[in-house]
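Below you'll find the structure, written out as structure tokens, and then a few comments.
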Amino acid sequence: MAHNHDHDPSHAHEHGHDTQSASEQAMLEQAQAKLRSLFAGMPHEVPLYLFASRDREDVFAKAARDVLAAIQKFTSKITVEEHDLLGEIAKKWNVEHSPTMLFDPDIYHIRWQGAPLGEEGRTLVEALTMMGYKTSRLSRESQEILAKIQSKRDIKLFVSSTCPYCPQQAVNALKAAVGKPDLVSLEIVDIQANPELAAKYAAKGVPMTFANDKLIAQGAQPEELFMLSLEKLEPQTYFIPETEATEITTDLVIVGGGPAGLTAGIYASRSGLQAVVVERNALGGQMALTPVVENYPGLTQVGGKTLVDIMVQHALEYVRIFPGEEVVDIQQQGLFVIQTSRRRFKTKAVLLATGASHKKLGIPGESRLSGRGVSYCSTCDGPLFKGKKVIQVGGGNSAVTEALHLKSIGVDVTLVHRRDTLRAQDYLAKNLFASEIPILWDTRVKEIRGEKSVEEVVLDNKKSQMTETLSVNGVFIAIGYEPAVELAVKIGVALTPDGYINKDDYHRTNVPGIYSAGDVEGGYKQIVTAAGQGAGAAMTIFEDLINPYWKRQNDTPVEKSS
Ligand code: NAP
């Protein structure tokens, strides 16, 4: 029974959990209603074939069956037929692994090996709706690239249910397979359900994409870059549209969709400004890669990716967001003209909330073995190393959080830190010591070795001056971030001696109309401080656009007439 004083704020502390679960329930119901209407609107049925063993030990088979049964409760537009793995149908379609799903196999060549769990649930919904609506939703530029492909492309995409970047890449691949079913086939491979296949392709970092057995991408790409990589059959790093992109005129372009950019979007739009957020990768920035966040006020403990989803959902109430769209140029021609990989924005003000990217150790073997045992994201790649031996390099909050996360999911992790004291906060340090994770103090990694994937590291101890090799399967690196300032430099924004954006207390840079917020400003680099900086910057921008500070005369107070 509901408590009749639930709405009495004086009792709020007693009912925190009730309130939270009620709002969670409401969110869940909203999401379910959205799914129902999405499926109901599909003009075409999607036949789905499931091949899954009845072996009780096959947890992925059971999970796949459960997920599909749940989806069928929402709609009759998706029909699921389960077939025997040893039967004729399996033979006809060449299915050997459990579980395998085939989507409308008379039309498309899309097969999914594994169960669509966790992050992959989003991919499944995208796949079903693309086929149900018979539309690939490809951008014009992507369609043009795809049209150039004249021979077969067999895509193999390795994903994991815990990787927040994977759905973006999976959707790219699905768009290609739905957009060009005659030539493009797609196999989505969950590495946890298919460890042998992942080992065969040395896919130790996800998402990892192969086409015709050639590596075409490591990590998630903007859509056009994916299509270009698929066309060229090798990884592409930039894409310049061949035709004039669509143009959008707005008051504010926020570059970066992490906590600073998303919060700025909310604040700017609520002030009455027209604002857009442009993000080259997946939304959330570093926040999406943090396994657990325990210091965001109001949320005792929340997964980084969950917090991203909450913030994005909130921001979308106010602001248009363009993910997977990279800013390639920025010019001032009266207004600022921002050219992205897809279109052009004309704007009065620009907020640079570009964040920071992982620092590299810069040692032999690091780049070559990146994605092959070297990782900067324990949330994404940690599960692959369950039961295996890895080192976690660094002594700050990130390294300690990630070492604890790795240990908690069953990875045999050793922390390697170059000094004899941690930089991490006391609370985390205490957790680390209590966890009994071995720590190699005063130790630097000199080299990472391995032929196809990481096999060993060479370690140098500063105090004993001893060099030793340690056999490991993985090297996780969390040694801080480098600010992403390329755009800032391009438009003439001054930097601090440490390389961060130089700004005043109100987030104004030296270039009138250009502002900054979040990790790119240096400072504490917390999710909550980034959000605060985004809010502050948006309020300054609102005030400046009404009354530009660069046009303001020396304000002299108006004398009161007596
Ligand atoms: P950080 O605080 O800058 O720490 C970097 C660590 O890596 C330091 O221990 C540093 O050693 C070590 N390091 C740097 N360069 C190295 C190299 N070339 N070789 C070996 N070791 C190297 O970075 P972070 O831990 O990634 O955190 C970045 C920011 O995010 C911080 O402001 C942090 O507070 C914040 N953060 C907050 C949370 C949270 O509050 N929940 C979680 C994660 C991160 P030295 O100590 O010797 O310099």
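Atoms within a ligand are numbered from 1 in the order they appear, just like the ligands themselves.
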Report task. Would you check, one step at a time, whether the test ring pair (Phe, Tyr, Trp, His ring centres under 6.0 Å) holds for F385 with F476? Result -> CA-CA 11 Å; F385 294 86; F476 285 83; 5.4 Å; yes

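- Looking at ligand 1, you'll find an N or O of N295 within less than 3.5 Å of one of its N or O atoms.
- The environment of R280 atom CZ is sparse: at most 12 non-hydrogen atoms of other residues, nucleotides or ligands sit within 6.0 angstrom.
- In terms of N/O distances under 3.5 Å, ligand 1 is not approached by A399.
- Note: no N/O pair closer than 3.5 Å links T290 and ligand 1 by distance alone.
- Taking the six-membered ring for Trp, F158 and F210 have ring centres closer than 6.0 Å.
- Looking at E234 and K214, no side-chain N of the basic residue comes within less than 4.0 Å of a carboxylate O on the acidic one, giving no salt bridge.
- Atom CD of E486 has more than 12 neighbouring heavy atoms from other residues, nucleotides or ligands inside a 6.0 Å radius.
- Scanning all protein heavy atoms for the shortest distance to atom 9 (O) of ligand 1 gives G395 N, 3.0 Å.
- Ring pair Y515/Y506: centre-to-centre distance not below 6.0 Å.
- Counting atoms of ligand 1 from 1 in the listed order, those under 4.0 Å from a heavy atom of G396 are 4 (O), 6 (C), 8 (C), 9 (O), 25 (O).
- Shown here are the salt bridge (charged side-chain N to carboxylate O under 4.0 Å, His left out) partners of E455, two or more places apart in sequence or in another chain: there are none.
- With no hydrogens or angles considered, no side-chain donor-acceptor pair links H507 and Q533 at under 3.5 Å.
- Within ligand 1, counting atoms from 1 as listed, the ones closer than 4.0 Å to a heavy atom of K359 are 14 (C), 15 (N).
- Residue L361 has no nitrogen or oxygen atom sitting less than 3.5 Å from a nitrogen or oxygen atom of ligand 1, judged on distance alone.
- Around NZ of K389, the count of heavy atoms belonging to other residues, nucleotides or ligands within 6.0 Å exceeds 12.
- Every atom of ligand 1 is numbered from 1 in the order shown, and the set under 4.0 Å from a heavy atom of R423 is 1 (P), 2 (O), 4 (O), 8 (C), 9 (O), 45 (P), 46 (O), 48 (O).
- Annotation: K407, atom NZ; neighbour count of heavy atoms from other residues, nucleotides and ligands within 6.0 Å is above 12.
- Residue Y524 touches ligand 1 through its backbone alone, judged by heavy-atom distances below 4.0 Å.
- Of all the heavy atoms of E294, none lies under 4.0 Å from any atom of ligand 1, so neither backbone nor side chain is involved.
- Below 3.5 Å of separation, one finds an N or O of N397 facing an N or O of ligand 1.
- At a heavy-atom cutoff of 4.0 Å, ligand 1 is contacted by the side chain of H417 but not by its backbone.
- Geometrically, K360 engages Y376 in a cation-pi contact, judged by NZ or CZ lying under 6.0 Å from the ring centre and within 45° of the ring axis.
- Heavy atoms from both the backbone and the side chain of K525 come within less than 4.0 Å of ligand 1.
- Summary of contacts: the protein heavy atom closest to atom 37 (C) of ligand 1 is Q526 NE2, 3.2 Å.
- Remark: minimum distance from atom 14 (C) of ligand 1 to any protein heavy atom is reached at I479 O, 3.4 Å.
- Among protein heavy atoms, the minimum distance from atom 20 (C) of ligand 1 is reached at R418 CD, 3.7 Å.
- Remark: E224 engages R342 in a salt bridge, criterion side-chain N to carboxylate O under 4.0 Å.
- The N/O atoms of K360, backbone and side chain alike, include none that comes under 3.5 Å of an N/O atom in ligand 1.
- Closest to atom 46 (O) of ligand 1, if we only count protein heavy atoms, is R419 NH2, 2.8 Å.
- Polar contact check, Y481 against ligand 1: no nitrogen or oxygen pair lies under 3.5 Å apart.
- Protein heavy atom in closest approach to atom 23 (O) of ligand 1: G480 CA, 3.3 Å.
- Scanning the protein for heavy atoms near atom 26 (O) of ligand 1, the closest one is S398 OG, 2.8 Å.
- Among V489, L352, I514, the single residue meeting the side chain to side chain contact (heavy atoms under 4.5 Å, CB included) criterion with I501 is L352.
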